[in-house]
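Single-structure report; data block below.
Read the numbers this way: they start at 1 and go in the same order the structure lists the ligands and their atoms. Note that the coordinates shown come from a computational prediction; the quantities given were computed from them, not determined experimentally.
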Amino acid sequence: MKLGGFDVDIQKDAVDGGSGVLRPSRICYLAMISTTFWALVFFLPSSTQGGDGIASVLFKPSTFSIPLFSSVATVPAGAPPASATVLPEAGKEDRSVTADDDRCAGRYIYMYDLPPRFNSDLLADCGKLDIWMDMCPYVANHGMGQALGDEAGAFSDRGWYATNQFMLDVIFHGRMKAYDCLTSDPARAAAAFVPFYASLDGGRYMWNSTSLRDALALEFLEWLTRRPAWRAAGGGRGHFFVAGRTAVDFTRKSGGNGWGTSLLRNPTVQNMTVLVLETVAWSRSNVAVPYPTYFHPEAAADVAAWQDRVQKAERKWLFSFAGAPRPGNSRTVRAQIIQQCGASGRCSLYRCGGAGAKANCYSPGGVMRLMESSTFCLEPRGDSLTRRSTFDAILAGCIPVFFHPGSAYTQYTLHLPKDPNKYSVLIMHTDITERNVSIEDTLSRISPETVKAMREEVIQLIPRVVYADPRSRRVDFKDAFDVAVEAVIDRVASRRRGASAGTEH
Ligand SMILES: *[C@@H]1O[C@H](CO)[C@@H](O)[C@H](O)[C@H]1NC(C)=O
Ligand SMILES: *[C@@H]1O[C@H](CO)[C@@H](O)[C@H](O)[C@H]1NC(C)=O
Ligand SMILES: *[C@@H]1O[C@H](CO)[C@@H](O)[C@H](O)[C@H]1NC(C)=O
């Protein structure tokens, strides 16, 4: 079926029950082509989770209006630090003067102060963000969601929240408020960040008219390009924002009646950088960043305590799979995985959804506990190529097993190691579906030393793939946000150099 110019294999991958948090948009593919049965089985119960009355708690001024800039080094326009030694820098355009003791040199970010309709109004109207469920519990705590108690010993003491995978717009904005090198001068900034909640906006009208779906984003782009800061910060090339869903949700062909909004096809966006959870190959503006997980440490010590714990975890299962079967063809890789896992004494199947399902994919504790007690975690494609569960697995110190290179290797190039063999296993999906390759045999042939080295690598990745608590003012490690911002700054710098050298394509 074609949606927004993409062939979306609805029959195989309509619902990802495996992520522990639903992907509401895709439910609806299924509802369209299948029955409301699935929606009832998977999603209605979850929409009651989190309880009522949270919204009213959430929007107390103390939660959303704390003076976030109090401890941040906001540099007034044109005011270098008094003690700065100003050195001429030969051969560097854009930076005729640089203070050599300015720890922020080359790292300044200008963050727009947007009219509330482009961000905070969407939070205030959280009950309408999704037609299937109440998102209010998930927008709490700067997008981290409700704090989790220690469900059956799955978590460490600090930093665990019931985070929805589509809350990155909000989490990222919160992290940016705590960024230590914000500037109020767009001309001085290495890049300009626009805290438009593109995915919250896009997500809420997926089932309405195409004009309604696109309306706010168009208004936003028009507003943005009229600001003096737009030019001062280098136009599209100097700007970035987050659209925390898969890019396919924003790539409807203009004039088309397909899936999603057409945000990523807008000419103004072409030169910008858009951080998404999964890219489309043809767009040069989109860059993939990790899905948010349940862990939001405040400081390196929290990360270290967690790493220590997963290091020591007893992994009684060779491999495991958490997820829901998809209706239809039993020869899909997902159906085969469920079949193989169910038949193996060394695999734990956390089957959450479909007939006879016992597990609850909305229980973060249940999913995490499974992954913490497995050596390998199977990560077939979800609704799309990628899956939030991949990052839950890494967090649990469980070595991810992919069935398609597009599930991670071609996506998360900023955050994951270049050599995929260091931290993961690839079994091509066709080997499963066409050659009846045994997952258990394949995994049990990997030597214990290799397994140990891979697990070490996975555990070392944890700080880079988690988003620190946006409220923390003592984040002393490089998290997924920091990695992404550094990469955006490099990208903007190289595009500026390319443009001034006339080499930008
Ligand atoms: C969007 O569609 C939903 C579902 O059909 C409907 O309930 C809602 O009223 C629509 N929203 C607007 C603003 O038209
Ligand atoms: C994008 O960048 C190119 C190259 O610098 C420029 O020619 C073009 O006008 C820009 N497009 C927009 C919409 O700003
Ligand atoms: C696939 O392999 C399993 C285990 O080796 C075997 O039981 C099964 O019959 C095979 N299936 C097919 C279709 O060859």
When the ring centroid of Tyr112 is compared with that of Phe193, is the distance short of 6.0 Å?
-> no
May I ask you to identify the nearest protein heavy atom to [atom], giving residue, atom name and distance to one decimal place in Å?
atom                    : value
atom 12 (C) of ligand 1 : Asn208 ND2, 3.5 Å
atom 13 (C) of ligand 1 : Leu212 CD2, 3.6 Å
atom 8 (C) of ligand 3  : Asn436 ND2, 3.8 Å

Element-labelled atoms of ligand 2 that are located less than 4.0 Å from some non-hydrogen atom of Pro267 | 13 (C)
Report yes or no: does Arg265 contribute a side-chain atom to a donor-acceptor pair with the main-chain N or O of Thr251 at less than 3.5 Å?
-> yes
Please indicate, with yes or no, if any protein heavy atom is found under 4.0 Å from atom 2 (O) of ligand 1?
-> yes
Might you check, step by step, whether the distance between atom 5 (O) of ligand 3 and some protein heavy atom is under 4.0 Å?
-> no
Region of Gln270 engaging ligand 2 - heavy atom pairs below 4.0 Å = neither
Option of least heavy-atom distance to atom 11 (N) of ligand 2 (set: Thr225, Asn271, Val269) = Asn271
Can you tell me if Thr246 and Glu278 form a side-chain donor-acceptor pair at under 3.5 Å?
-> no
Report yes if Thr268 has an N/O atom closer than 3.5 Å to an N/O atom of ligand 2; otherwise report no.
-> no
Determine whether more than 12 heavy atoms belonging to other residues, nucleotides or ligands lie under 6.0 Å from atom CZ of Arg231.
-> no
Heavy-atom neighbours of Asp441 CG exceed 12 at 6.0 Å = yes
Cationic tip of Arg227 within the cone over Trp223's six-membered ring, i.e. under 6.0 Å and within 45° of the normal?
-> yes
Trp207 N/O to ligand 1 N/O under 3.5 Å | no
Taking the inter-plane angle between the rings of Tyr409 and Tyr423 on a 0 to 90° scale, is it parallel (under 30°), tilted (30 to 60°) or perpendicular (over 60°)?
-> perpendicular
